[in-house]
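See below for the structure under consideration.
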Amino acid sequence: MLRILLADDEPLVLIGLQGMLEWEKLGYTVCGTARNGKIALEVIEREQPDIVIADVKMPVMDGLALAHACHEKGPLPVFIMLTSSEDFTYARRAIEAGVVDYLVKMELTPKSLCDALARAAEQVKKEKALHDPMPTPTEMEAGLRTLQDRFLIRLYAGLIPDEEHLQQELKGLKLHLDSPCLVVACCEILPSNAGMTSEQQLKLNLACCRMLETTLQNYLPTHATGTDVLHCNVLFSLQAEPPEGLKAFLEPLLKKASQIVYNYFSVRLLWAVGRPAAAPLSLSRRCRELDTLRVLLSEGEPILFAGDIENDATASKLQTVAQVKAYIRDHLSEKLSLADVAAVFNFSPGYLSQLFGRYGGGFVEYITEVRVAAAKEMLEKGDKKIYEIAEELGFESSFYFSKVFKKSTGLSPREYQQK
C-alpha cells in the first residue's frame with residue numbers, strides 16, 4: 001500500500017478527498033491529514049508518506065514551499081497540487097518544485113484524481129528503484145546464477161556466434177570453460193508421481209539440479225542447468241580426459257548421484273553423456289549428438305555415452321532403433337509383433353531382432369517396458385478400469401496384462417493403484 005498524506009486548510013475539502021475514493025481498494029492508505037504546510041511537514045517527517053496531495057495556498061507554509069522543503073531532502077514524497085485557480089503561474093512553479101500533477105479543485109473528479117495518483121505512484125516506483133539499497137551477497141549470487149544459466153543455454157543451443165562474442169559474454173560469469181576437456185550430459189528426470197503440476201515439476205527440476213551439482217562438485221567442477229521442467233544439462237570441466245576413459249570415470253559418479261537424488265526425491269534419472277569438447281563453442285555440436293542417444297535411454301539402460309558410438313554406421317543404426325521405438329510408443333494399442341513392425345520399416349524380422357538386441361535392449365522387452373510405464377500413469381490417474389487399460393495398451397486380455405504388470409513391478413495393477 002502506498003501511503004498518502006492530505007493537506008488543505010479547508011476541512012470540507014479534506015473530508016471530500018477522503019470520501020472521494022475507496023483508497024484501500026485502489027492500493028493506497030491515507031496515513032494523515034494536515035491543515036497547513038508546517039503541520040504537514042511534521043507529519044511527513046513522522047509518517048513518511050509516499051504521496052502528498054496538498055493545496056497550493058495554505059497558511060503558515062503553502063503547498064509549493066512544502067514541496068520545495070521536502071525535495072531539498074530527497075525525491076520522496078511525490079506531490080500532487082490542488083488549487084482553486086487556473087493561473088499558469090502556479091502550474092509553472094509547481095513543476096519547478098518537482099510536483100507530478102496540478103489539479104484544479106473545481107474540476108476535480110474521482111477519475112482525474114485516480115489518474116493523477118497513478119502517475120504519482122509510477123514516479124514513486126521509479127524513485128524507490130533508483131534509491132533501493134545495493135543487493136545483498138545472497139541476491140548477487142542468485143543474480144549471477146541466473147546469468148550463468150542463461151549463457152549456458154544459449155551456448156548449448158549454438159547461439160554464441162564466435163570466439164569474440166564468447167569472451168565478451170564470459171566476463172564476470174565465473175564459469176570453468178577454460179578447461180581443455182568439457183563434457184556435457186543431458187539428464188532426464190522421471191518423477192514417481194505422473195500427476196504432478198507444472199509448478200511441482202519445476203520445483204523438482206530445480207531441486208534435482210542443485211542436488212546433482214552439490215554431489216558431483218565433490219569430484220570435479222560441475223554446473224547443472226535446467227533446460228525444461230523434466231531435463232537439465234550438466235557440464236563437467238576436466239583438466240584432461242581420464243586415463244581410464246571417460247565412461248569408466250564418469251559412470252560410477254553418475255550412478256552415485258542418481259542414487260542420492262532417488263533417496264531424496266524418489267525420481268529416476270536417465271543420462272546421455274556427450275563426447276569431450278576441447279573448446280566451449282564445440283558444446284552445441286556435442287548437444288546435438290545427444291538427441292539420438294536420448295531416445296534410446298530407458299530405466300533398464302539409464303546411462304549411455306556418445307563415445308560408445310563407434311562410427312557413422314553405428315549412429316545410423318541407433319537412429320533407426322530410435323525411430324522404431326518412437327513408432328512403438330505411438331502405436332501401443334495395436335498389435336506389435338516383431339514381424340508386423342519389421343514390415344513397417346521394410347526390415348526382415350531377423351534383422352530387426354538383431355538390431356534391437358544390440359542397440360535397443362530387446363524388442364519384446366522394450367514394448368513391455370513402455371506399456372507398463374503407460375499403464376502406471378493410467379492407474380495413477382484412476383479414471384479407467386483395469387480391463388480398459390489393458391485394451392487401450394494392446395494386451396490380449398486383462399488377465400495377461402495383470403500377469404505382465406506384476407512380473408515387471410512386483411504388484412498387481414490393483415495393488416499398484418492402491419499403493
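What you see is a predicted model, and the numbers here were worked out from it, not measured in a lab.
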| message | Within this structure, what is the CD-CD distance for the pair Gln167 and Glu163, rounded to the nearest 0.5 Å? | response | 4.5 Å

| query | Does any N or O in the side chain of Arg294 come within less than 3.5 Å of the main-chain N or O of Cys186, such that one atom is a donor and the other an acceptor? | reply | no

| request: Ignoring hydrogens and angles, tell me if any N or O in the side chain of Ser408 forms a donor-acceptor pair with the backbone of Val404 under 3.5 Å. | output: no

| said: Keeping Asn218 on the side-chain end and Thr215 on the backbone end, is there a donor-acceptor pair under 3.5 Å? | reply: yes

| task | Please test Glu365 against Phe356 for side-chain contact (heavy atoms from CB on, under 4.5 Å), starting from the C-alpha separation and ending with a verdict. | result | CA-CA 10 Å; Glu365 290 79 3; Phe356 244 85; over 6 Å; no

| request: Output yes when a side-chain donor or acceptor of His71 lies under 3.5 Å from a complementary backbone atom of Val78, and no otherwise. | output: no

| request: Hey, could you give me the CD1/NZ distance between Ile389 and Lys384, rounded to the nearest 0.5 Å? | output: 8.0 Å

| Has the side chain of Asp340 got a donor or acceptor atom that lies under 3.5 Å from a matching backbone atom of Leu336? | no

| Rounded to the nearest 0.5 Å, how far does CZ of Arg329 lie from CD1 of Ile367? | 12.0 Å

| query | Who are the side-chain hydrogen bond (donor to acceptor under 3.5 Å, both in side chains) partners of Glu164, not counting sequence neighbours? | reply | none

| query | Distance from Lys385 atom NZ to Ser398 atom OG, nearest 0.5 Å? | reply | 13.0 Å

| note | Between the CG atom in Leu82 and the CG atom in Leu113, the distance rounded to the nearest 0.5 Å is 8.0 Å

| query | Can you tell me if Arg371 uses its side chain to pair, donor with acceptor, with the backbone of Leu332 under 3.5 Å? | reply | yes

| message | Whether the side chain of Asn205 engages the backbone of Asp228 through a donor-acceptor N/O pair (distance < 3.5 Å, no angle test) should be reported. | response | yes

| note | Correct closest heavy-atom pair for Leu411 and Phe405 would be O-CD2, 3.2 Å

| message | If we ignore hydrogens and angles and just use 3.5 Å, is the side chain of Arg268 paired with the main-chain N or O of Tyr262 as donor and acceptor? | response | no

| Flag if over 12 foreign heavy atoms under 6.0 Å of OH, Tyr400 | no

| Greater than 12 external heavy atoms within 6.0 Å of Arg414's CZ | no

| Any donor-acceptor pair under 3.5 Å from Glu188 side chain to Leu270 backbone | no

| Between the main-chain N or O of Ala306 and the side-chain N or O of Arg275, is there a donor-acceptor pair closer than 3.5 Å? | no

| query | If you round to the nearest 0.5 Å, how far is CD1 of Ile80 from OG of Ser112? | reply | 10.0 Å

| Trace of the side-chain contact (heavy atoms from CB on, under 4.5 Å) decision for Leu352 with Val341 | CA-CA 9 Å; Leu352 182 59; Val341 176; 4.0 Å; yes

| request: Test side-chain contact (heavy atoms from CB on, under 4.5 Å) on Lys407 and Thr368 and set out the steps. | output: CA-CA 10 Å; Lys407 183 178 179 182; Thr368 301; over 6 Å; no

